[in-house]
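Predicted model only: the values in this text are computed from it and were never measured.
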Amino acid sequence: MTLTGQCRCAALRYTVEPAGKPRVYACHCLNCQRWSGSAFGLHMLLSETAMSITGALAEYRHEHAGLQSRQYLCAQCHTRIFNTTDAAPGMRVLRAGTLDEAAALAPVAHIWTRRKHAWLEVPPDVPSWPESPSPEAFASAVMGR
Ligand SMILES: [Zn+2]
Ligand SMILES: [Zn+2]
C-alpha cells in the first residue's frame with residue numbers, strides 16, 4: 001500500500017510503502033508536545049527504504065539521552081517530516097500528520113500517557129503505556145509483530 005504526503009507549502013512531497021497495514025501511534029511526551037506545538041505527536045515507524053522524497057530537506061541534529069537524533073524538515077516552510085535516531089538504525093519516524101491519508105489512520109497505540117492532556121481520552125481497547133513501552137511491546141503494537 002502506497003501512501004503520499006507533503007509539507008505545508010508542498011515544495012516537499014513523499015511516498016511511503018509501509019510493510020503491512022499502515023500503523024500510526026501517538027506520543028504524548030513533553031518533547032512531542034513541544035515539537036508539534038500540539039497535544040501529542042502522531043508518528044509512523046518506517047524502514048528508511050520504505051520512503052522516497054522529492055524536494056529539499058533541512059536537517060537539525062541534536063543529542064537526546066546520549067544518542068544522536070536527526071530531524072528532517074522541508075527546507076522552505078520548515079514543516080518537520082521525519083526523524084532518525086541512533087537508537088533505531090535504518091528506521092525513520094514519520095510525522096504522520098503530514099500524510100494525505102492521516103485523518104483515516106486511528107492510532108494503534110498511545111505512549112507517554114503520563115503526560116497526556118486530561119481532556120483527551122484514549123479508547124479503552126487501544127494499547128497505551130504511561131511512558132515508553134519495552135522494545136518488544138512497542139514492536140508488537142506499532143509494527144504488528
Ligand atoms: Zn514546505
Ligand atoms: Zn514523544
Side-chain angles (χ1 to χ4, degrees), residues 1-116 120 122-123 125-145:
M1 182 178 197
T2 303
L3 302 173
T4 55
Q6 66 168 63
C7 65
R8 173 66 180 85
C9 80
L12 187 146
R13 292 176 190 275
Y14 65 84
T15 62
V16 294
E17 294 201 33
K21 130 176 140 60
R23 289 164 178 266
V24 304
Y25 65 96
C27 181
H28 300 263
C29 83
L30 188 57
N31 288 329
C32 283
Q33 291 170 352
R34 286 180 170 147
W35 274 119
S36 65
S38 185
F40 57 88
L42 194 60
H43 308 311
M44 181 185 281
L45 198 57
L46 292 162
S47 158
E48 62 188 3
T49 58
M51 186 173 189
S52 58
I53 297 171
T54 56
L57 286 169
E59 184 182 340
Y60 170 66
R61 291 185 190 202
H62 66 114
E63 205 175 287
H64 179 68
L67 295 161
Q68 200 51 231
S69 173
R70 294 175 176 80
Q71 308 287 328
Y72 294 92
L73 310 84
C74 166
Q76 189 162 305
C77 72
H78 288 192
T79 301
R80 193 166 56 123
I81 302 295
F82 69 94
N83 74 278
T84 64
T85 166
D86 288 352
M91 302 299 286
R92 289 180 175 182
V93 186
L94 176 70
R95 301 283 90 77
T98 62
L99 286 163
D100 296 330
E101 301 86 351
L105 301 170
V108 298
H110 291 257
I111 67 173
W112 277 94
T113 54
R114 196 163 70 73
R115 291 279 190 179
K116 182 179 72 60
L120 199 157
V122 173
D125 57 330
V126 176
S128 69
W129 289 267
E131 294 186 0
S132 293
S134 71
E136 296 76 24
F138 187 68
S140 158
V142 311
M143 305 288 284
R145 282 181 194 152

Measuring from [X]:[atom1] to [Y]:[atom2], what's the distance to the nearest 0.5 Å?
X     : Y     : atom1 : atom2 : answer
Arg92 : Leu46 : CZ    : CG    : 9.0 Å
Arg61 : Arg70 : CZ    : CZ    : 4.0 Å
Cys7  : Arg80 : SG    : CZ    : 14.5 Å
Met51 : Met91 : CE    : CE    : 12.5 Å

Closest approach of [X] and [Y], non-hydrogen atoms and distance?
X      : Y      : result
Ala87  : Leu67  : CB-CD1, 3.5 Å
Val122 : Ser128 : CG1-CB, 4.3 Å
Val142 : Ala109 : CG1-CB, 4.2 Å
Cys9   : Cys74  : SG-SG, 3.9 Å
Pro22  : Leu3   : CB-CD1, 3.7 Å

Flag, side chain of [X] to backbone of [Y], donor-acceptor distance under 3.5 Å:
X      : Y      : result
Arg23  : Ala141 : yes
Thr85  : Ala88  : no
Thr113 : Trp129 : yes

Are the side chains of [Y] and [X] in contact, using a 4.5 Å heavy-atom criterion?
X      : Y      : value
Met1   : Lys21  : no
Thr4   : Glu101 : yes
Arg115 : Cys32  : no
Tyr14  : Leu57  : no
Phe138 : Tyr25  : yes
Ile111 : Pro133 : yes
Met44  : Leu105 : yes
Leu42  : Leu99  : no

Side chain to side chain contact (heavy atoms under 4.5 Å, CB included) between Tyr72 and Thr84: does it pass, once the steps are laid out?
CA-CA 8 Å; Tyr72 294 92; Thr84 64; 4.0 Å; yes
Only one of Glu131, His110, Arg114 forms a side-chain hydrogen bond (donor to acceptor under 3.5 Å, both in side chains) with His28, so which one is it?
His110
Could you walk me through whether Gln71 and Ser69 pass the side-chain hydrogen bond (donor to acceptor under 3.5 Å, both in side chains) check?
CA-CA 7 Å; Gln71 308 287 328; Ser69 173; 3.1 Å; yes
Is it the case that Trp112 and Ser132 place a side-chain donor and acceptor less than 3.5 Å from each other?
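There is such a pair between these side chains.
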When you look at His43 and Arg95, which way does the side chain to side chain contact (heavy atoms under 4.5 Å, CB included) test go after all the steps?
CA-CA 5 Å; His43 308 311; Arg95 301 283 90 77; 3.0 Å; yes
Under 6.0 Å from the CZ atom of Arg8, do we count more than 12 heavy atoms belonging to anything else shown?
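At most 12 heavy atoms, drawn from other residues, nucleotides or ligands, come within 6.0 Å of this atom.
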Side chain to side chain contact (heavy atoms under 4.5 Å, CB included) between Ile81 and Leu94, intermediate numbers included
CA-CA 6 Å; Ile81 302 295; Leu94 176 70; 4.1 Å; yes
Does the gap between the ring centers of His64 and Trp35 come in under 6.0 Å?
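Aromatic pair excluded; centres sit 6.0 Å or further apart.
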Please report the C-alpha distance between Phe40 and Leu120 in whole Å, then the side-chain angles of each, then the deciding distance to 0.1 Å, and finally whether the side chain to side chain contact (heavy atoms under 4.5 Å, CB included) criterion is met.
CA-CA 10 Å; Phe40 57 88; Leu120 199 157; 3.5 Å; yes
